[in-house]
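Remember, it's a predicted structure, so these values are computed and weren't measured experimentally.
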Amino acid sequence: MAAKYFARPLSNLISELSKLPGIGGKSAQRLAFHILSMEEKDAVGIAEAIIEAKREMKYCSECGNLTDTDPCGVCSDAMRDRTAICVVENARDVAAIERMRDYRGLYHVLHGTISPMDGIGPDDINLKQLVIRLQKNDDVKEVILATNPNIEGEATAMYIARLIKPAGIRVTRIAHGIPVGGDLEYADEVTLSKAMEGRREM
C-alpha cells in the first residue's frame, strides 16, 4: 500500500517498521517521517544501535537471559542468593523483577510457555536446561514460578512444579490478585479467585 504513495526508500522504511510488534501501517508511517526529519547522525545512531544489539546480544548459557557477556551479570554476581531461582517467560520479565530491587536470587528464562494449541511443548522452551541446573547445583532450595497468570503460564507452572517437586526442592508460585489501588468491582472472576487463594493472615 505504501508503495503507491511514497518513493521506494521511504516505502521500504515504512514496510520494515511495520514488522515491529504493535506497529501498524499508520504508526510505521509516523515513525518513518520522524526518522527522516531527524539529524542524520541521530538516525545513523539508531541504525547502529540496532545492528550492535543484534550482533552482540546473546543468551546466557546458564539462565537463558539476554546478555552481551556469558555468563550474564546476574549469574556471575557472587553477591546473588544462589539458593533461589525465579523462572520467568522472557527477558523482559527479568528486567521487571530487577526494577523491584527486592529479589536477590537467580533467574531462569524459558523463552515461552507450553501451549499445545500452538504446538509448543516442554521440549520447545528452555526447560531442559533448568532441570540440568538443578541436578548440578545442590545449593538451590527454592524455585519461584513467575510465569504469567494466563492459561499457558498456569499450565507451564504446573508442569514445572510436577517435574521438580520429587527432587525435594521447594516450589512456590508468585501471588496474583487485585492490584494496589484497584477496585474489587472492576476485577474479573479469575483475578478475584486468585486473590482469595493468595490471602494471608494479618
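Two residues are said to be in side-chain contact when any heavy atoms from C-beta on lie closer than 4.5 Å; Lys54 and Ile51 fail this criterion. Between Cys72 and Glu62, every side-chain heavy-atom pair lies at or beyond the 4.5 Å cut-off. Considering only heavy atoms from C-beta on, Cys63 stays 4.5 Å or farther from Leu106 through its side chain. In this structure the side chain of Ile120 never reaches within 4.5 angstrom of the side chain of Glu152, judged on heavy atoms.
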side-chain hydrogen bond (donor to acceptor under 3.5 Å, both in side chains) assessment of Ser11 paired with Arg8:
CA-CA 5 Å; Ser11 178; Arg8 185 188 54 77; over 6 Å; no
Go through the steps for Asn65 and Thr67 under the test side-chain hydrogen bond (donor to acceptor under 3.5 Å, both in side chains), then give the verdict.
CA-CA 6 Å; Asn65 193 18; Thr67 179; over 6 Å; no
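Within the 3.5 Å criterion, the main-chain N or O of Gly121 finds a donor-acceptor partner in the side chain of Asp124. No donor-acceptor distance shorter than 3.5 angstrom exists from the side chain of Glu89 to the backbone of Thr113, with no hydrogens or angles considered. Judged by distance alone, the side chain of Arg104 and the main-chain N or O of Arg80 form no donor-acceptor pair under 3.5 Å. Checked by atom type and distance alone, the side chain of His108 pairs as donor or acceptor with a backbone atom of Asn126 at under 3.5 Å. No donor-acceptor distance shorter than 3.5 angstrom exists from the side chain of Arg173 to the backbone of Ala161, with no hydrogens or angles considered. In this structure, Asn148 contributes its side chain and Asn150 its backbone to no donor-acceptor pair below 3.5 Å.
Checking Thr172 against Glu142 by side-chain atom types alone, a donor-acceptor pair falls below 3.5 Å. Between Asp70 and Ser61, the side chains place a donor N or O and an acceptor N or O closer than 3.5 Å (distance only, hydrogens not considered). For the residue pair Tyr107/Glu98, the side-chain donor-acceptor check at 3.5 Å is satisfied.
Clustering ILVMFWY residues whenever any of their side-chain heavy atoms sit less than 4.5 angstrom apart, transitively, puts Ile151 in a cluster other than the one holding Ile114. No continuous path of hydrophobic side-chain contacts links Tyr59 to Leu110 [ILVMFWY only; heavy atoms under 4.5 Å].
In this structure, Val171 and Lys165 approach most closely via the heavy-atom pair CG2-CG, 3.8 Å.
Within a 6.0 Å radius of CE in Met100, more than 12 heavy atoms belonging to other residues, nucleotides or ligands are found. Around atom CE of Met57, more than 12 heavy atoms belonging to other residues, nucleotides or ligands sit under 6.0 Å away.
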